[in-house]
Protein chains: 2
Amino acid sequence: MGRHKQFDEGEVLDAAAELFWAKGYGATSTRDLTRETGLSITSLYHTFSDKRGLYLQVLNRYLDRTLHERLNRVEAKFSPRKAIAVFFKEMAATSLADEQHRGCMLVNTAIEATSADAELQQMVAEETRLIESFFLRCIRAGQATKEIDDAKDAKDLARALLAVLMGLRVLARIRPEKSLIEGLIGPALSMLEPAHPN
Amino acid sequence: MGRHKQFDEGEVLDAAAELFWAKGYGATSTRDLTRETGLSITSLYHTFSDKRGLYLQVLNRYLDRTLHERLNRVEAKFSPRKAIAVFFKEMAATSLADEQHRGCMLVNTAIEATSADAELQQMVAEETRLIESFFLRCIRAGQATKEIDDAKDAKDLARALLAVLMGLRVLARIRPEKSLIEGLIGPALSMLEPAHPN
DNA sequence: GACTTATTGTATCGACCGATACATTATATT
DNA sequence: AATATAATGTATCGGTCGATACAATAAGTC
């Protein structure tokens, strides 16, 4: 065998994520990446194939850490209704805590990825289906226990929640105001509430 | 005086919009713009100052035609509750009718514009406040006539509707499915409904 | 019709892009 | 220690970027 890597791959992906997340794929140059990661351009290409390969690994790492972990955790830990609420509250808190106002890397990718990169588009679309199906499972489970209004269509409810989430993440990037981001959650969650007498 | 322009400025802006809307600002080159508009690079720069100046004019024209017109029309023509519903339904129809799945140019700009262009960011933020205030006016007017649940906070309701709209436009770009885009509107509008007895 | 002024076309600038060639260095195996 | 192999550093490739210089052209004013 030969020489060992002198860097930690995870740390490099984190450093690259800083750039890709804040500036997007196109606006991040390979020079930017060498500066931020400390790696030479040769090592970058040797390890991650090319710029797009690096981006895909960065995005997958981001999704695992920011999204999948949260989805799994809240679904396992809370009642259906509560899981959705906690999910949104954590998303709001995470968004507001980011001083760079980078928004959501998935949403950013969704907007930047054109039809020229069908594979990436497909990946992003699939990820939103994952979120939608989380909402749908929670809603159906909650409807079974009357925790959630079962007069409403579960599929459409899940779709609406997905839209609220995407919107929250867009707004977090351009208008990272506590009152805006946190305020919108209440009415969104009220979609789930059973109708109550006046 | 000298020679007259040999092109219609509006047509040029429309042609440029095709590119900027579909590919974004950064991914559209000045060569692309000359090809699509038919203008020489000299005329482009002479007329619109530079690439960014052209983009700003394109965006403003887009907002006037796609957003402002619709806001003014539905608010003047329909009851508050109905105005919001028609606004969303038209947005859904417009989104689904776009075979190129370009989404919303305002949302696309919101995501692509980094803190490096504070002026553009401010412009986008201001535009979302315009939409939010439309929702807020409708909600308050609807609450006064009991057409909209007046037990809910009008500001937060408007914020939630804004998020749904942004989310709808994101989804329209990556998942332009009729059932998804149209389905999410029902639950979103149900946020406005007065609570009803079981 | 001479002159002025605005528009247009061509050719090109320096900068930066993603990517690679090639030599060098370091480490595991034998 | 010799050798094989992987990681690294430097230098640079051809291509494209946004923008401009400059000459040519056309249409207004006098």
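Numbered from 1 within each chain, the chains take letters A, B, ... in sequence-line order. Computation of the quantities below employed the complete heavy-atom set of this structure, encompassing side-chain atoms and omitting hydrogens, waters and symmetry-equivalent molecules.
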Asker: Any salt bridge linking A:D64 with A:R61? Criterion: basic side-chain nitrogen under 4.0 Å from a carboxylate oxygen.
Answerer: no
Asker: Over how many whole Å does the gap from A:Y55 atom OH to C:dA19 atom C1' extend?
Answerer: 20 Å
Asker: Distance check needed: D:dT10 P versus A:L44 CG, whole Å only.
Answerer: 14 Å
Asker: Which residues satisfy the salt bridge (Lys or Arg N to Asp or Glu O under 4.0 Å) test with A:D50, sequence neighbours excluded?
Answerer: none
Asker: Taking only N and O in the side chain of A:S40, is any of them less than 4.0 Å away from OP1 or OP2 of D:dG9?
Answerer: yes
Asker: Return the set of residues passing salt bridge (Lys or Arg N to Asp or Glu O under 4.0 Å) with B:R81 (not counting sequence neighbours), or none when no residue passes.
Answerer: B:E193
Asker: Looking at B:R129 and A:E177, is any side-chain nitrogen of the basic one under 4.0 Å from a carboxylate oxygen of the acidic one?
Answerer: yes
Asker: So does B:E132 pair up with B:K155, basic N to acidic O under 4.0 Å?
Answerer: no
Asker: What integer distance in Å separates B:L39:CG from C:dA6:C1'?
Answerer: 14 Å
Asker: Quick one: B:H46 NE2 to C:dG9 P, roughly how many Å, whole number?
Answerer: 13 Å
Asker: Find every protein N or O atom lying less than 3.5 Å from an N or O atom of nucleotides 16-21 of chain D, and list the pairs.
Answerer:
unit_1, atom_1, unit_2, atom_2, d
D:dC17, OP1, B:S29, OG, 3.3
D:dG18, OP1, B:T28, O, 3.2
D:dG18, OP1, B:K51, NZ, 2.5
D:dG18, OP2, B:T30, N, 2.7
D:dG18, OP2, B:T30, OG1, 3.2
D:dG18, N7, B:R31, NH1, 2.7
D:dG18, O6, B:R31, NH2, 3.0
D:dA19, OP2, B:Y45, OH, 2.5
D:dA19, OP2, B:K51, N, 3.3
D:dA19, O5', B:Y45, OH, 3.4

Asker: Below 30° counts as parallel, above 60° as perpendicular, anything between as tilted: where do the rings of A:F20 and A:Y55 land?
Answerer: perpendicular
